[in-house]
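Residue numbers start from 1 in every chain, and the chains themselves are labelled A, B, ... in the order their sequence lines are given, proteins ahead of strands.
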Number of protein chains: 2
Amino acid sequence: MNMRIETAALDTLCANALRFLAIDAVEQAKSGHPGMPMGMAEIAVALWTRHLRHDPADPAWADRDRFVLSNGHGSMLLYGLLHLTGYDLPLDELKRFRQLHSKTPGHPEHGLTPGIETTTGPLGQGLANAVGMALAEKLLAREFNRPGFDIVDHRTWVFLGDGCLMEGISQEAASFAGVQRLSKLIALWDDNHISIDGEVDGWFADDTPARFHACGWNVIEDVDGHDVAAVDEAIREALANARNDTGPTLICCRTVIGRGSPARAGTAGIHGAPLGRDEVAATREELGWPHAPFEIPAEVRAAFDARPAGAQRRAAWQASFEAYRAAWPEAAAEFERRTAGRLPVGFNVLAQAILRGVNNDGATLASRKASQDAIARLARALPELLGGSADLTHSNLTDWPGCGAVRADQPGRHINWGVREFGMSAALNGLALHGGFLPFGATFLVFSDYARNAIRMSALLRQRVIYVMTHDSIGLGEDGPTHQPVEHLPSLRLIPGLDVWRPCDAVETQAAWNAAVGRTGPSLLALSRQNLPHQPRDSAQLEAIARGGYVLAEAAGGKPTLVLIATGSEVALAMAARERLQADGLPTRVVSMPCTAAFDRQDADWRASVLPAGVARLAVEAAHPDGWWKYLADAPRAAVVGIARFGESAPAGDLAAFFGLTAERVADSARRLL
Amino acid sequence: MNMRIETAALDTLCANALRFLAIDAVEQAKSGHPGMPMGMAEIAVALWTRHLRHDPADPAWADRDRFVLSNGHGSMLLYGLLHLTGYDLPLDELKRFRQLHSKTPGHPEHGLTPGIETTTGPLGQGLANAVGMALAEKLLAREFNRPGFDIVDHRTWVFLGDGCLMEGISQEAASFAGVQRLSKLIALWDDNHISIDGEVDGWFADDTPARFHACGWNVIEDVDGHDVAAVDEAIREALANARNDTGPTLICCRTVIGRGSPARAGTAGIHGAPLGRDEVAATREELGWPHAPFEIPAEVRAAFDARPAGAQRRAAWQASFEAYRAAWPEAAAEFERRTAGRLPVGFNVLAQAILRGVNNDGATLASRKASQDAIARLARALPELLGGSADLTHSNLTDWPGCGAVRADQPGRHINWGVREFGMSAALNGLALHGGFLPFGATFLVFSDYARNAIRMSALLRQRVIYVMTHDSIGLGEDGPTHQPVEHLPSLRLIPGLDVWRPCDAVETQAAWNAAVGRTGPSLLALSRQNLPHQPRDSAQLEAIARGGYVLAEAAGGKPTLVLIATGSEVALAMAARERLQADGLPTRVVSMPCTAAFDRQDADWRASVLPAGVARLAVEAAHPDGWWKYLADAPRAAVVGIARFGESAPAGDLAAFFGLTAERVADSARRLL
């Protein structure tokens with residue numbers, strides 16, 4: 001027996017170990033997806049035992065390769081790999097697959113399980129996350145590497161299936177990766193010809209290699225996905241592409257879903273259900289696997305164990321980094337700060353000073369313009385700030401002096417994402433997950449719809465991603481109902497963990513940016529197209545903005561008979577209505593509520609001090625009214641002035657009048673309450 | 001001068017007429033998008049004067065060609081064409097471009113302006129709408145044509161730009177159109193190399209012809225989009241592809257955005273802003289257009305006028321249809337019924353009988369299973385029912401006995417949409433807009449996110465589209481937070497005009513289907529994975545389901561001290577909590593609220609009879625709680641039992657306990673209110 005054959009035999013053992021960990025865990029959980037792990041086992045062996053550069057002892061090592069399981073339902077494959085290569089994921093956790101509070105949930109969850117780079121399951125987004133990670137690597141390398149010191153030099157690997165490829169986001173991600181020439185991005189396609197509904201011919205007949213080639217990818221076709229040596233060779237070719245910087249690579253692996261199951265291999269029946277006792281036994285027979293569930297032969301453990309090589313590689317990198325530090329101490333410190341996600345020393349003081357400066361300026365600006373000014377101010381202090389727009393740069397106002405455009409061959413900090421809201425947002429998650437950047441992306445608020453599940457994923461992932469969403473109401477005017485958000489503000493506020501800010505002037509806009517930069521988790525800024533007047537504030541009020549809701553104008557005499565609650569462009573409206581009401585002898589308080597989520601986090605005393613019990617309340621917002629009742633339910637009398645229907649195409653002033661968003665109409669609604 | 005040259009000169013005049021209608025209308029409105037109409041003017045002349053089969057006198061003629069402006073911001077091009085070809089869109093309306101309640105809003109709006117087949121503006125969706133229309137045409141032709149009688153024989157034309165192609169939905173649409181071989185779908189790409197951010201090279205470098213070819217399209221490359229004869233020739237080739245049934249065709253037209261503007265042609269600067277007085281004058285000079293704004297030369301009017309040919313073509317079709325009627329009277333009557341969107345005579349009586357039958361059965365089923373049964377029952381009575389799933393057929397339960405799969409070469413009524421939620425939903429809009437079908441589509445509720453803007457468009461378009469969204473809560477269990485909807489129910493309820501149903505048992509599921517079939521506008525059914533017990537109802541209650549909210553169980557003694565409001569799977573929970581509370585001597589009413597939108601449409605008396613003033617209320621729903629305050633604000637004491645955070649991966653029973661969705665915990669929350 002020569003070495004090659006011995007290796008092949010061991011590879012087969014390793015692949016079958018992954019298969020049976022998946023089979024047995026799914027069997028034990030009585031639910032899960034065995035088909036993909038059984039189909040991609042050899043591909044996983046090729047990548048994880050031959051090429052993946054990582055150290056299971058330090059899942060946070062900055063220069064590790066990133067691995068993304070875009071077909072996240074195959075989670076047991078990844079759990080098996082993490083366990084066998086030496087991550088802190090004991091067998092006991094694998095036995096608790098899909099149980100409450102185990103580290104092995106149904107789909108991989110970042111932050112819960114060591115080694116999981118991103119949370120996947122919603123198809124196609126893993127690929128787009130990976131695009132963000134590969135972009136982060138390329139930009140960090142460009143910024144921090146020095147001659148002889150490639151301290152940033154890792155690859156981003158993606159497993160994906162037909163489902164990912166059918167999702168439109170895969171096109172956005174592939175197209176963007178191509179034009180940015182992300183050569184260290186390598187995707188392995190599980191081409192098993194099966195999706196949940198069965199043989200894909202009837203609904204998916206794309207020439208996928210040609211499609212990716214059209215997007216500027218290298219494509220390696222016709223690889224036998226059950227031949228570890230063949231996959232290994234394809235990966236070597238992809239790595240040559242990476243070295244030669246010829247663009248990302250797609251490796252097309254022909255596989256059989258559920259391989260090894262005599263009755264169900266190659267069928268949709270094995271995709272998402274346990275095999276059942278008899279078929280598990282038959283599969284053991286078929287594959288010659290005599291071991292009990294969760295029993296792993298020692299030679300398999302030895303073959304997978306990535307700790308010795310990982311420790312060595314990381315130590316070498318660390319040594320190199322120390323030499324780098326000696327030569328470029330500032331760059332080294334900055335690299336460590338950036339990759340740890342720490343803000344610069346003194347940043348908070350600076351941010352407060354900036355805020356006071358904006359308050360002193362007292363400028364009347366559209367909040368999108370105020371946002372652009374905020375970006376410019378913050379970008380000077382935060383080299384990690386990196387962002388752009390989905391082809392609306394001069395509408396969203398996301399660029400800043402000297403930002404430079406990020407191009408395949410050109411450094412910069414502003415990204416033209418193209419008209420790819422969903423791909424952009426999922427890539428922002430990847431940028432944030434990778435580390436080293438504080439990413440933001442922009443589009444019109446109404447098109448948050450296109451990106452919605454990626455925004456949700458930002459929240460589920462608890463990543464510091466900032467969404468700049470302009471043209472936040474009917475105030476955008478003539479573009480009409482397809483471009484006018486109505487339900488978007490209240491519906492985005494429902495995403496757990498997302499801070500939605502709708503600032504009323506330049507000061508609140510800066511405060512929103514400060515808050516977004518300072519928090520762990522995503523923020524979405526809803527910004528006006530039109531000018532918003534400056535609202536005067538004292539220093540306590542200035543500080544109170546961060547609380548999400550505060551008294552902007554107290555009622556005459558200090559005892560309100562009415563509280564007007566407003567956000568964004570409607571704050572000025574509320575202030576004007578207040579004047580009318582007070583002229584009528586009705587003492588009226590105006591509460592600005594730029595971020596309901598932040599307000600909800602305040603203690604009960606604060607909330608009661610802003611929204612006092614026993615006083616009538618009127619909420620005013622140029623959006624669907626139904627979300628406001630949460631803040632009105634404990635008032636004796638309450639109403640909302642909002643828009644419960646789609647908008648119209650007309651100049652903004654005409655629309656405000658038509659929809660009753662005028663000071664007089666607001667005052668009327670208030671009077672009817674009293 | 002030969003005929004060809006004369007024709008060319010007239011073509012140029014016609015194209016310039018379209019240009020100046022756009023230029024001058026945008027100038028007058030002080031906003032709008034002149035660049036696209038100026039760039040696609042010759043393409044429009046080629047299609048609309050040489051090939052488009054329509055009759056401006058009857059925009060509802062069933063066999064007209066469909067035209068979709070997927071790059072909807074170029075609306076003035078379409079308004080110019082509709083005006084000049086003879087639709088009821090007078091010049092006065094063009095002069096009121098983008099003004100309140102004009103027929104010429106910023107983006108084309110179906111239902112407002114004669115000849116507008118769909119509302120466009122959100123990029124990429126127009127193409128997917130067109131795919132739905134072309135599929136409708138193909139399926140109707142298959143069903144109704146007879147030898148010698150092609151009563152359904154029209155084409156679907158799409159204009160699209162780079163923005164549409166960058167959006168991922170274009171891939172979903174193109175891929176689906178390819179695999180279904182929709183040969184009468186012909187798209188004309190405005191390849192002007194410019195998007196809003198500028199020259200596209202930096203963010204969009206796809207080989208688009210290769211990409212479409214990879215999706216099974218015919219691609220005609222390198223057509224001079226400013227040469228009417230060249231475009232005409234390409235269209236003839238595309239029509240040959242249609243006749244030979246070789247798949248859809250993409251015609252790639254090289255164009256210059258804003259062609260004719262000396263200073264701004266070929267730049268992003270002309271995309272979305274008026275030219276300004278000086279540049280308008282310079283453009284008049286450049287193009288030799290001496291006419292005043294909105295003045296159209298008589299020969300141009302004559303060249304565009306489509307009324308004589310349209311009347312003739314429609315008359316010929318009508319004559320053929322009368323012969324068809326003579327030969328196949330039933331098919332003819334059915335065709336007329338179907339294309340008019342009328343339900344069969346006696347359908348309402350049948351639907352009520354079905355509902356009573358389901359009530360008598362009293363089965364305990366998952367509502368997704370009850371939905372499948374409802375589909376099977378309705379499909380027998382409604383041959384127009386056509387739908388399927390985004391690759392989750394056996395999870396969403398959308399197929400039915402004998403439905404047959406719709407394939408390129410195979411008739412059927414069930415569509416395997418592939419993993420393309422957004423493309424599916426926008427295609428459903430196209431199917432509904434085309435007429436002849438009552439379309440539905442399905443996915444997991446959490447992935448309504450992927451389709452959200454198309455669902456919004458269903459509502460804005462007021463189309464009868466039905467969304468079957470299963471796995472509606474943490475009740476789906478082990479798949480975990482990426483697959484568990486939390487914010488989706490309340491956020492979908494915020495879309496104006498969308499009826500969201502969350503039935504509590506098989507009876508309410510049938511009632512929801514009946515309501516969805518019977519309404520003008522979209523409905524979304526949120527359905528359980530898990531079994532839901534039957535709730536007994538008398539005939540008044542059975543009838544009351546359609547009101548969206550009704551008393552399912554009156555309090556002991558008829559005088560509630562508490563009202564529990566619940567939906568879907570939580571209705572049974574509320575019933576169990578009611579038992580506990582009443583055992584404690586607390587008379588408790590249970591209100592089932594399967595459709596808040598329907599409830600909101602009831603008169604105040606009904607609403608007050610269901611939710612009486614002065615009685616405490618507790619809402620219970622396994623979803624984000626914030627939406628419920630609208631129905632609680634006027635109660636003296638109120639609370640919501642819901643889930644304001646992301647879910648977890650675990651068996652459903654464990655999750656219910658963990659999240660406090662148990663009868664005892666609901667009863668506890670109720671007791672705390674009293």
Side-chain angles (χ1 to χ4, degrees), chain A residues 31 98-100 105-107 121-123 163 166-169 171-172 175 179 195-197 202-207 210-211 214-216 391-393 407 416 418-420 422 449-450 452-453 460 478-482 487 490-491 494-496 624 626 629-630 632-633 645-646 648-650 654, chain B residues 31 98-100 105-107 121-123 163 166-169 171-172 175 179 195-197 202-207 210-211 214-216 391-393 407 416 418-420 422 449-450 452-453 460 478-482 487 490-491 494-496 624 626 629-630 632-633 645-646 648-650 654:
Chain A
S31 84
R98 296 182 151 236
Q99 303 309 301
L100 190 61
H107 292 81
L123 293 174
M166 282 186 257
E167 292 288 4
I169 190 175
Q171 180 62 25
E172 299 181 13
S175 177
V179 74
S195 67
I196 293 180
D197 277 3
W203 49 90
F204 182 49
D206 292 359
D207 179 344
R211 177 184 152 208
C215 294
D391 202 44
L392 290 167
T393 297
R407 295 281 183 269
N416 300 99
V419 192
R420 304 183 181 101
F422 194 13
D449 280 356
Y450 276 55
R452 190 168 168 99
N453 201 264
L460 185 55
E478 292 90 343
D479 275 340
T482 56
E487 70 279 24
S491 87
L494 291 165
I495 297 179
H624 200 293
D626 284 1
W629 289 102
K630 176 182 178 186
L632 306 177
R645 45 156 290 183
F646 291 116
E648 296 275 350
S649 167
D654 296 354
Chain B
S31 85
R98 296 182 150 236
Q99 303 309 302
L100 190 60
H107 292 81
L123 292 174
M166 282 186 258
E167 291 287 5
I169 190 175
Q171 180 62 25
E172 300 182 13
S175 177
V179 74
S195 67
I196 293 180
D197 277 2
W203 48 89
F204 182 49
D206 293 359
D207 179 344
R211 177 183 152 208
C215 293
D391 202 44
L392 290 167
T393 297
R407 295 281 183 270
N416 299 98
V419 192
R420 304 183 181 101
F422 194 13
D449 280 356
Y450 276 55
R452 190 167 168 99
N453 201 264
L460 184 55
E478 293 89 344
D479 275 341
T482 56
E487 71 278 25
S491 88
L494 291 165
I495 297 178
H624 200 294
D626 284 2
W629 290 103
K630 176 182 179 187
L632 306 178
R645 45 157 290 183
F646 291 115
E648 296 275 350
S649 168
D654 296 352

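- Residues A:L123 and A:G163 come closest through the heavy atom pair CD1-CA, 3.9 Å.
- Per-residue heavy-atom pair counts under 4.5 Å with chain B were compared for A:G106, A:A214, A:P105, A:G202, and the maximum is reached by A:A214.
- Between B:I495 and A:E487, the closest heavy-atom pair is CG1-OE2, 3.8 Å.
- A donor-acceptor pair under 3.5 Å is formed between the side chain of A:D391 and the backbone N or O of B:I196.
- Pairing each heavy atom of A:L100 with each of B:D654, the nearest pair is CD2-O, 4.3 Å.
- Listed for the A:S649 side chain is a donor-acceptor partner under 3.5 Å among the backbone atoms of A:E478.
- Heavy-atom distances place the side chain of A:H624, and not its backbone, under 4.5 Å from chain B.
- Scanning both residues, B:P496 and A:F646, for their nearest heavy atoms gives O-CE1, 3.2 Å.
- At a 4.5 Å heavy-atom cutoff, the contact between A:F422 and chain B is made by side-chain atoms alone.
- Of the atoms belonging to A:S175, heavy atoms from both backbone and side chain fall under 4.5 Å from chain B.
- When the candidates A:S31, A:P481, A:G480 are compared by the number of heavy-atom contacts under 4.5 Å with chain B, A:P481 comes out ahead.
- A:R407 touches chain B through its side chain: at least one heavy atom from C-beta onward sits under 4.5 Å away, while N, CA, C and O do not.
- In terms of non-hydrogen atom pairs under 4.5 Å with chain A, the most contact-rich of B:C215, B:S195, B:A210, B:G216 is B:S195.
- The contact between A:E648 and chain B is made entirely by side chain atoms (from C-beta outward), counting heavy-atom distances below 4.5 Å.
- Residue B:L632: no heavy atom, backbone or side chain, is found under 4.5 Å from chain A.
- Per-residue counts of heavy-atom pairs under 4.5 Å with chain A were compared for B:D626, B:N453, B:T393, B:I169; the largest is that of B:N453.
- The residue among A:V179, A:D479, A:D207 with the most heavy atom pairs within less than 4.5 Å of chain B is A:D479.
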